[in-house]
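Below: the structure, in structure tokens.
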Number of protein chains: 2
Amino acid sequence: MAQTDTVTRILNTAEVLFAERGFAETSLRTITSKAKVNLAAVNYHFGSKKALIQAVFARYLDPFTERFHATLDALEREYDGRPIPLEVLLESMARTVLEVPAERNSLKVFMRLLGLAYTQAQGHLRGYIQQHYGSVFTRFTELVRRATPELPDAERFWRLHFMLGTVIFTLSGLDALRDIAEKDYGEHVSVRDLIRRLRPVVVAGMNAPLPEPPQAVAV
Amino acid sequence: MAQTDTVTRILNTAEVLFAERGFAETSLRTITSKAKVNLAAVNYHFGSKKALIQAVFARYLDPFTERFHATLDALEREYDGRPIPLEVLLESMARTVLEVPAERNSLKVFMRLLGLAYTQAQGHLRGYIQQHYGSVFTRFTELVRRATPELPDAERFWRLHFMLGTVIFTLSGLDALRDIAEKDYGEHVSVRDLIRRLRPVVVAGMNAPLPEPPQAVAV
DNA sequence: TAACGTTTCAAACAGCCGTTTATCAGCAGG
DNA sequence: CCTGCTGATAAACGGCTGTTTGAAACGTTA
């Protein structure tokens, strides 16, 4: 019953190629030839290229949502109704994001894929992710809401997306940036190192003073 | 001598379609038919699709770099050797970014394009931008360096890219986010409004406390 | 052994891609 | 008048795309 060797070979090859070149720029022929599988295997096992793309994401996001829900369950038990501090929430999310792909040494790929999901056209992907994994995000934002009661709802919404942008943009473009950083500062940067650097910036961003109201005339 | 009507029609149509769907997903036939010009016109006037993509960027980035250099010239004269405060630098950049496309009501397109330049494969584009416009960025980062002498060089490098990610990610995915925000918070968000919200977050992120050193054993 | 459902495989499908070609219109200067 | 030159146009080019087909190979169960 275990997944066919062919299926995993396709998934393993596809996720790397997608991450490197994007979806439209990666043809099924490239995938199947590099995976040493017959061209028709993709349509046989997945049905279409769209479905393959979604399957690639599901293989990361299914275990992620499961673990993240479990983590949040544990936190809610621990804090027993009291608001969970923002740092704890962010830390938990970061840890879960790191855990899942760590087992396959593919954190970089996972991050690239997340970036692509946001920026590539692929309307079907956005819909699929929203529909299948939207609930975790909703639950998380609700907990963040309780952790930051002083923030207006709209402001918190935008700041969460600001921070999402920071993280996804950085980690998904990591290879290119790393090259520059290494050349200019002679410093090798690991993903964990980057997350260490990201933490204070994200926290400070979330806790930044409120913006001055828009060109308002004082009462 | 003025640019042919055909050339501008192609550029106007192409930039919108590229911004909406990405480069690989936008065919020359789609562009030329929507622009009501002959298919061969693109290759005749630009030479290739790659060159068209670069021309679309050049039409934004050429005036941008020119104005931004002028702005920095003025600032350096004004501060006469003293370091220019970080807020002033960020503010100037934001103002220049807003000015250029404002004349064609295409800020949204410009931002999407910047995002695509980072995230889409298109290796030739990254090279082209680096080669033609890298010097402005270098000059800007050097001024930021003088404005934030307490930051280690590597830390400043990463934080600048964190903030770049925040801005590009947000503004380039603006349409999708705006829909959610409007539905959930009933609030219409303009680009200027978003920049007002971005400012304190970016400043706070740049001024965040330094991260604790990596798992170092105390001496 | 025979029949079965599942998976692999080579080949072909129609369709779209970027680019090139050859033809033709319009207009300049000799 | 006609010779060049710039641009516009329709048509075709070879190549690559995702998908489908029908036959072959496989392992399992009767």
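Just so we're on the same page: letters track the sequence lines, and every chain starts at 1.
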### Query
After noting the C-alpha distance and the side-chain angles of A:Asp5 and A:Arg9, does the key distance pass the salt bridge (charged side-chain N to carboxylate O under 4.0 Å, His left out) rule?
CA-CA 6 Å; A:Asp5 180 54; A:Arg9 286 251 289 286; 2.7 Å; yes
### Task
Quick one: which residue pairs count as a side chain to side chain donor-acceptor pair (under 3.5 Å) with a foot in residues 89-99 of chain B, not counting sequence neighbours?
B:Arg67-B:Glu99, B:Glu91-B:Arg199
### Task
Within residues 37-52 of chain A, find the residues that approach DNA chain C with a heavy atom at under 4.0 Å, and present them sorted by residue number.
A:Asn38, A:Ala40, A:Tyr44, A:His45
### Task
Please list, chain by chain and in numerical order, all residues satisfying side chain to side chain donor-acceptor pair (under 3.5 Å) with B:Glu142, sequence neighbours excluded.
B:Arg145
### Task
Please identify each residue that fulfils side chain to side chain donor-acceptor pair (under 3.5 Å) with A:Asn43, with sequence neighbours left out.
none
### Message
Quick check for you: name the first and last nucleotides of DNA chain C, 5' to 3', having an atom under 4.0 Å from a heavy atom of chain A.
### Response
C:dT6 to C:dA12
### Query
For B:Tyr60, what residues pass the side chain to side chain donor-acceptor pair (under 3.5 Å) criterion, not counting sequence neighbours?
B:Glu15, B:Arg104, B:Ser106
### Task
Scan for salt bridge (charged side-chain N to carboxylate O under 4.0 Å, His left out) pairs involving residues 34-58 of chain A, sequence neighbours excluded, and state none if there are none.
none
### Message
Considering every strand and a 4.0 Å limit on heavy-atom distances, what is the contact class for A:Thr30: base, sugar-phosphate, or nothing?
### Response
nothing
### Query
Where does the chain B footprint on DNA chain D start and end, counting 5' to 3' with a 4.0 Å heavy-atom cut-off?
D:dT6 to D:dA12
### Message
My understanding is that only residues two or more places apart in sequence, or in another chain, count here; which of them pass side chain to side chain donor-acceptor pair (under 3.5 Å) with A:Thr166?
### Response
B:Thr166
### Query
Does A:His45 have any ring-ring contact (aromatic ring centres under 6.0 Å, His included) partners at least two apart in sequence or in another chain, and if so, which?
none
### Query
What salt bridge (charged side-chain N to carboxylate O under 4.0 Å, His left out) pairs are there with at least one residue in residues 152-161 of chain A, not counting sequence neighbours?
A:Asp153-A:Arg156, A:Glu155-A:Arg159, A:Glu155-B:Arg197
### side-chain contact (heavy atoms from CB on, under 4.5 Å) partners of A:Asp62, counting only residues at least two apart
A:Ala58, A:Tyr133
### Message
Any base atoms under 4.0 Å from B:Thr32, or only sugar-phosphate, or nothing? Heavy atoms, all strands.
### Response
nothing
